[in-house]
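Order of the sequence lines sets the chain letters (A, B, ...), proteins ahead of strands, with each chain counted from 1. What's counted below: heavy atoms across the whole structure, side chains too, no hydrogens, waters or symmetry copies.
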Number of protein chains: 2
Amino acid sequence: MSLRTSTFSYALLGLIEQQPLSGYDLRKLFSATPLATMSDSPGAIYPALKRLERKGLISGRIEGAGLRPRRVFRLTPRGLAELKKWLLQPVTRDDLVHRTDELILRFGFTSRVLGKEGALGFLHGLERELGFYIPELKRFLGAQPRMPASGRLAVELGIQSYALLRRWTKRAATAVKQES
Amino acid sequence: MSLRTSTFSYALLGLIEQQPLSGYDLRKLFSATPLATMSDSPGAIYPALKRLERKGLISGRIEGAGLRPRRVFRLTPRGLAELKKWLLQPVTRDDLVHRTDELILRFGFTSRVLGKEGALGFLHGLERELGFYIPELKRFLGAQPRMPASGRLAVELGIQSYALLRRWTKRAATAVKQES
DNA sequence: TATATCATGTAATGCGTTACATGATTTA
DNA sequence: TAAATCATGTAACGCATTACATGATATA
């Protein structure tokens with residue numbers, strides 16, 4: 001039994017929470033929409049679903065009597081708890097540096113699973129970490145006297161990307177507040 | 001013998017091209033600078049170096065007579081050729097969606113390895129792909145009549161990130177042209 | 001002399017990728 | 001009836017993560 005559930009598995013969990021889905025449904029979601037940059041390969045999805053079921057986080061039942069069988073998965077209570085736990089984790093520096101995509105994925109589920117305050121709490125935590133990290137990057141860049149132009153450009157892009165994300169958190173918070 | 005060299009291994013290749021480096025040097029680079037979001041774990045670096053050496057892309061020699069031995073690696077001609085091949089690959093849609101970080105890493109090496117025109121060619125190819133992709137994302141967003149607010153916000157962030165990257169390619173090209 | 005740093009690695013594990021495999025049903 | 005799509009999976013492989021292990025040298 002693995003300790004850490006992968007980002008990919010959390011994506012499955014979050015999507016299944018929204019509605020019962022089969023492995024094939026998930027493949028289509030991942031190949032058709034630009035939302036998910038996840039793998040749409042059966043070699044990724046079916047084993048992941050099996051692991052989640054073994055852990056008791058989802059449960060599948062066969063639908064479509066007699067025809068081509070569709071195994072449709074639903075979240076179990078434990079699965080919902082696990083999803084909530086993931087969403088409630090504080091945003092860390094490490095998330096910012098190594099898992100930006102996972103952060104956006106998390107945000108995509110917060111509102112529905114945690115409610116408005118949950119989504120706002122997440123955005124606030126994200127903005128807070130960005131508030132620490134961006135000045136550090138700027139300081140780093142300033143402290144480098146002779147850095148190759150390409151390296152400088154790469155760091156500048158990083159800073160601007162994080163600044164964009166920070167502005168986005170504010171807009172997103174406004175949008176969340178105005179939700180019905 | 002694996003077919004595709006991983007991003008991580010290319011990062012090692014590109015860094016070693018700039019100067020001879022040991023495994024420990026690479027660990028420090030990856031843990032200290034915000035440039036590389038690569039893993040600084042020995043379990044990633046040392047086996048990767050071994051694979052690259054087995055493939056004949058780098059070669060290590062022990063330095064520091066008698067003291068703690070440092071295995072310092074240099075690029076072989078075949079390693080340089082492999083690096084160039086990687087850098088010269090055209091930028092694809094798939095790179096944009098799944099490997100943005102790898103693109104920036106590639107840019108970091110182009111100027112030194114391929115020269116000014118090489119770097120400009122890369123930036124041009126990147127901008128071109130962005131020119132195709134960004135309007136598609138916008139169209140996707142417009143075509144979704146009823147999309148959850150969080151999904152809409154996520155796609156908007158994606159569009160803005162790509163737009164930022166596109167502006168950056170132009171600035172980067174200007175900077176590259178002005179290099180001595 | 002104890003701790004931190006330098007410096008190298010291995011072993012177990014998990015998981016994603018690629019490729020392959022199967023068979024039913026729908027569309028051209 | 002041929003091809004595309006629906007729908008599920010497995011097997012081999014590679015590689016990154018985590019944790020462990022070792023020993024020398026420099027610093028407090």
Per-pair distances, 0.1 Å, donor-acceptor, side chain in residues 41-48 of chain A, under 3.5 Å, sequence neighbours excluded:
unit_1: A:Ser41; atom_1: OG; unit_2: A:Gly43; atom_2: N; d: 3.3
unit_1: A:Ser41; atom_1: OG; unit_2: A:Ala44; atom_2: N; d: 3.3

Report all side-chain donor-acceptor pairs from residues 21-29 of chain B shorter than 3.5 Å, counting only partners two or more places apart or in another chain.
unit_1: B:Ser22; atom_1: OG; unit_2: B:Tyr24; atom_2: N; d: 3.4
unit_1: B:Ser22; atom_1: OG; unit_2: B:Asp25; atom_2: N; d: 3.1
unit_1: B:Ser22; atom_1: OG; unit_2: B:Asp25; atom_2: OD2; d: 3.1
unit_1: B:Ser22; atom_1: OG; unit_2: B:Arg70; atom_2: NH1; d: 3.4
unit_1: B:Asp25; atom_1: OD1; unit_2: B:Arg70; atom_2: NH1; d: 3.4
unit_1: B:Asp25; atom_1: OD2; unit_2: B:Ser22; atom_2: N; d: 2.9
unit_1: B:Asp25; atom_1: OD2; unit_2: B:Arg70; atom_2: NH2; d: 3.2
unit_1: B:Arg27; atom_1: NE; unit_2: B:Asp40; atom_2: O; d: 3.0

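Under the side-chain hydrogen bond (donor to acceptor under 3.5 Å, both in side chains) criterion, B:Glu127 pairs with no residue, sequence neighbours left out. For A:Arg166, the salt bridge (charged side-chain N to carboxylate O under 4.0 Å, His left out) criterion is met by no residue, not counting sequence neighbours. Every side chain to side chain contact (heavy atoms under 4.5 Å, CB included) that B:Pro20 has, sequence neighbours left out, goes to B:Val72, B:Arg74. For the side-chain hydrogen bond (donor to acceptor under 3.5 Å, both in side chains) test, residues two or more places apart in sequence or in another chain that qualify with B:Ser6 are B:Ser9. With sequence neighbours left out, A:Tyr10 forms a side-chain hydrogen bond (donor to acceptor under 3.5 Å, both in side chains) with A:Glu82.
To the nearest angstrom, P of D:dT5 lies 14 Å from CG of A:Asp40. Between the CG atom of A:Leu29 and the C1' atom of D:dA7 there is a distance of 15 Å, given to the nearest Å. Here the P atom of nucleotide C:dG16 and the CG atom of A:Leu26 are 13 Å apart, to the nearest Å. B:Ile45 places its CD1 atom 14 Å from the C1' atom of C:dC6, with the value rounded to the nearest Å. Here C:dT17 presents its C1' atom at 16 Å from CZ of A:Phe30, a figure rounded to the nearest Å. Protein atom CG of A:Leu21 is 12 Å distant from nucleotide atom P of D:dA7, rounded to whole Å. Atom CD of A:Glu63 is separated from atom P of D:dC6 by 17 Å (rounded to the nearest Å).
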Tell me, for nucleotides 8-13 of chain D in 5' to 3' order, what letter each nucleotide earns: B for a base near a protein heavy atom under 4.0 Å, S for only sugar-phosphate near one, - for neither?
BBB---

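Taken over five-pair windows at either terminus, the axes of the helix from C:dT1-D:dA28 to C:dA28-D:dT1 are inclined to one another by 30° (rounded to 10 degrees).
When the side-chain nitrogen and oxygen atoms of A:Arg51 are compared with OP1 and OP2 of C:dG14, none of them lie within a distance under 4.0 Å.
Near DNA chain D, meaning a heavy atom under 4.0 Å away, there are no residues from residues 98-107 of chain A.
B:Val155 pairs in a side-chain contact (heavy atoms from CB on, under 4.5 Å) with only one of the listed residues (B:Gln160, B:Lys138, B:Met147, B:Gln144), which is B:Met147.
Contact annotation for A:Ser39: backbone-only contact, meaning every heavy-atom pair under 4.0 Å involves sugar-phosphate atoms and none involves a base. Residue B:Ser6 is in sugar-phosphate contact alone, with no base atom involved, counting any heavy-atom pair closer than 4.0 Å across all strands shown.
The salt bridge (charged side-chain N to carboxylate O under 4.0 Å, His left out) analysis of residues 5-21 of chain A, with sequence neighbours excluded, yields the pairs A:Glu17-A:Arg112. The list of side-chain hydrogen bond (donor to acceptor under 3.5 Å, both in side chains) pairs with a residue in residues 90-107 of chain A, not counting sequence neighbours, reads A:Thr7-A:Glu102, A:Trp86-A:Glu102, A:Thr92-A:Asp95, A:Arg93-A:Glu136, A:Asp94-A:His98, A:Asp94-A:Arg99, A:Asp95-A:Arg99.
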Could you give me the CA-CA distance, side-chain angles and deciding distance for B:Trp168 and B:Phe107, then say whether ring pair (Phe, Tyr, Trp, His ring centres under 6.0 Å) is met?
CA-CA 12 Å; B:Trp168 176 86; B:Phe107 170 72; 5.2 Å; yes

